[in-house]
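In what follows, chains carry the letters A, B, and so on, assigned in the order in which the sequence lines appear, proteins first and then strands, with residues in each chain numbered from 1.
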Amino acid sequence: MDTAKLERITATAWRIPPHDGMHVPGIVYADEYLIADMDDKVCQQVCNVAKLPGIVEASYAMPDAHWGYGFPIGGVAAFDPEAGGVVSAGGVGFDISCGVRTMLTGLPANRVVEVRDTLADALYAEIPVGLGSTGHLHVVGEEMDAMLLGGARWAVEQGYGDAADLERIEERGRMAGAEPATVSDRAKTRQRDEVGTLGSGNHYLEVQQVAEILLPDVAEVFGLREGDAVVTIHCGSRGLGHQIGTEFLREMVETAGEHGIALPDRELACAPIESALGRRYLGAMRAGINCAFANREVIGHLARQVFARVLPEARLDLLFDVSHNTCKEEAHPVAGESAARRLFVHRKGATRAFGAGDPALPEPLRAVGQPVLIGGSMGTASYVLVGTPRDGGHAFRSACHGAGRALSRHAALRRWRGRDIVNDLEQRGIAIRSPSMRGVAEEAPGAYKDIDAVVEVAERAGLARRVARLTPMICVKG
DNA sequence: ATGTTC
């Protein structure tokens with residue numbers, strides 16, 4: 001990216017002054033290396049978001065930001081409904097509530113190494129993965145609506161997962177305000193056999209080891225011990241979220257003019273939060289969040305079943321479950337103001353990162369802050385961070401979500417072959433199981449930014465602090 | 001991300 005038009009405000013933050021109709025500045029969190037590699041289109045998208053009605057404080061991009069549909073992936077933007085603020089389907093993304101959960105085995109990683117291939121095969125056999133994969137459940141009619149209302153709570157009621165998990169999920173496993181009636185029959189039909197499936201793309205289940213502890217006191221509260229094995233699941237709301245996104249995006253494009261909104265890019269289609277369409281989207285999007293909660297809860301249960309057979313001493317207690325693609329109603333002080341405002345915070349490829357003392361956090365996490373789970377690319381490290389207490393002017397208590405793509409899927413396909421990637425990783429002791437060698441090539445580690453650099457910048461920028469670095473042993477890949 | 005172009 002050409003940094004000539006950017007003001008460097010700290011070692012890890014760049015400001016784009018408002019111009020050409022931007023209501024607020026853009027802020028990009030990056031060091032000189034990450035900003036140099038970031039696509040100019042990220043800045044353009046940050047600026048476009050800053051032109052939307054009712055945006056407050058700034059249009060943000062996290063250190064892992066890359067080009068996305070309308071909003072950048074790694075984008076954070078908050079809107080005030082009292083100031084004509086909008087909600088945008090493209091600002092949430094197609095994979096509503098795509099997110100990550102990490103579960104603690106309580107066992108040293110060498111116990112996994114001893115049974116690695118057996119465990120990898122069993123996980124791959126039991127956990128549905130890949131494009132169009134179908135699951136163990138068939139959810140229709142009133143059950144579908146109950147799932148969309150109940151989220152992970154519904155899954156637990158169905159016998160998938162444990163009630164103790166619920167405290168360790170954002171919104172305690174159930175997003176309030178979901179309106180299943182606003183979700184189309186087509187979206188529900190697409191989902192009826194997909195609950196409890198991993199999906200494709202960058203989604204995965206990994207068995208990882210805690211390679212390094214960076215913040216011992218917090219790691220202890222989180223239950224992370226150096227050398228232990230953990231299980232991390234990354235997936236979202238599958239066909240249902242995608243269908244909701246597709247339908248509302250179209251409707252928001254068609255009605256933007258009626259709402260008096262001039263779109264800088266049709267991919268930024270949006271509706272006033274206080275409009276009928278805005279409220280309807282929020283009801284459907286929240287149902288999509290519950291779908292993702294239920295999905296990850298069911299997959300977590302399937303993983304526990306596999307471990308119970310292959311490695312029965314493993315506990316698989318849930319550390320936490322975070323969403324990366326949401327629009328949430330939250331109270332935040334805007335920079336320069338003392339009182340908090342009621343805002344609708346879009347996080348697209350970004351993680352909520354609440355600090356110690358936040359009442360949204362359950363005990364004992366409230367004492368230290370929210371676990372911020374950063375999913376790495378296939379074969380590379382992942383991180384557990386912890387949210388930091390912050391006031392206004394700091395991305396509405398958000399952090400990055402992953403490594404972030406450096407190359408497009410298309411470019412990755414030209415450069416790598418899936419089989420070679422699998423062999424290379426096997427040489428390094430990492431077992432990959434995937435139905436799609438094309439998918440593996442698209443997800444080649446070299447197609448992503450350096451996650452160590454991304455989280456270091458996130459920490460230096462004050463977005464979150466590093467607690468533990470995780471490295472993969474087994475990856476079941478979509 | 002996605003029954004990878006209703």
Review point. Could you give the CG-to-P distance, from A:Asp185 to B:dC6, as a whole number of Å?
Key: 19 Å

Review point. Taking the six-membered ring of A:Phe354, is the NZ or CZ of A:Arg352 close enough (under 6.0 Å from the centre) and on axis enough (within 45°)?
Key: yes

Review point. Roughly how many Å is it from CD1 in A:Ile73 to P in B:dT2, rounded to a whole number?
Key: 13 Å

Study note, to complete from the structure: Here the distance between atom C1' of B:dT2 and atom CD1 of A:Ile96, to the nearest Å, is 12 Å

Review point. Do A:Phe79 and A:Phe344 have their ring centres less than 6.0 Å from each other?
Key: no

**Study point:** Distance in angstrom units between A:Leu131 CG and B:dT5 P, rounded
**Key:** 10 Å

Practice item. Kindly indicate whether the side chain of A:Arg186 and the base of B:dC6 share any N or O donor-acceptor pair separated by less than 3.5 Å? Key: yes

Point to revise | A:Tyr69 OH to B:dT4 C1', straight-line distance once rounded to whole Å | key: 15 Å

Check your understanding: Quick one: do A:Arg466 and A:Asp452 make a salt bridge, cutoff under 4.0 Å?
Key -> no

Exercise for review: Name the residue closer to the 5' end of DNA chain B, choosing between A:Cys98 and A:Glu442 according to the nucleotide with the nearest heavy atom.
Suggested key: A:Cys98

Exercise for review: Test salt bridge (charged side-chain N to carboxylate O under 4.0 Å, His left out) on A:Glu330 and A:Arg347 and set out the steps.
Suggested key: CA-CA 12 Å; A:Glu330 295 170 3; A:Arg347 295 188 181 90; 3.0 Å; yes

Review point. Separation of A:Leu249 atom CG from B:dC6 atom P, in whole Å?
Key: 15 Å

Review point. Does a side-chain heavy-atom distance below 4.5 Å link A:Thr351 with A:Gln370?
Key: yes

Check your understanding: According to the interplanar angle, ranging from 0 to 90°, do the rings of A:His346 and A:Phe71 count as parallel (below 30°), tilted (30 to 60°) or perpendicular (above 60°)?
Key -> parallel

Exercise for review: Round to the nearest Å and state the distance from A:His410 atom NE2 to B:dT4 atom P.
Suggested key: 18 Å

Revision key, fill the gap. Residue pair A:Arg250/A:Arg409 against DNA chain B: nearer the 5' end by closest nucleotide is A:Arg409

Review point. Aromatic rings A:His394 and A:Tyr29: how do their planes relate, parallel, tilted or perpendicular, breaks at 30° and 60°?
Key: parallel

Review point. Got a sec? Which of residues 230-247 of chain A come in under 4.0 Å of DNA chain B, heavy atoms?
Key: A:Arg238, A:Gly239, A:His242

Practice item. Whole angstrom is fine here: how far is it from CD in A:Glu194 over to C1' in B:dT4? Key: 13 Å

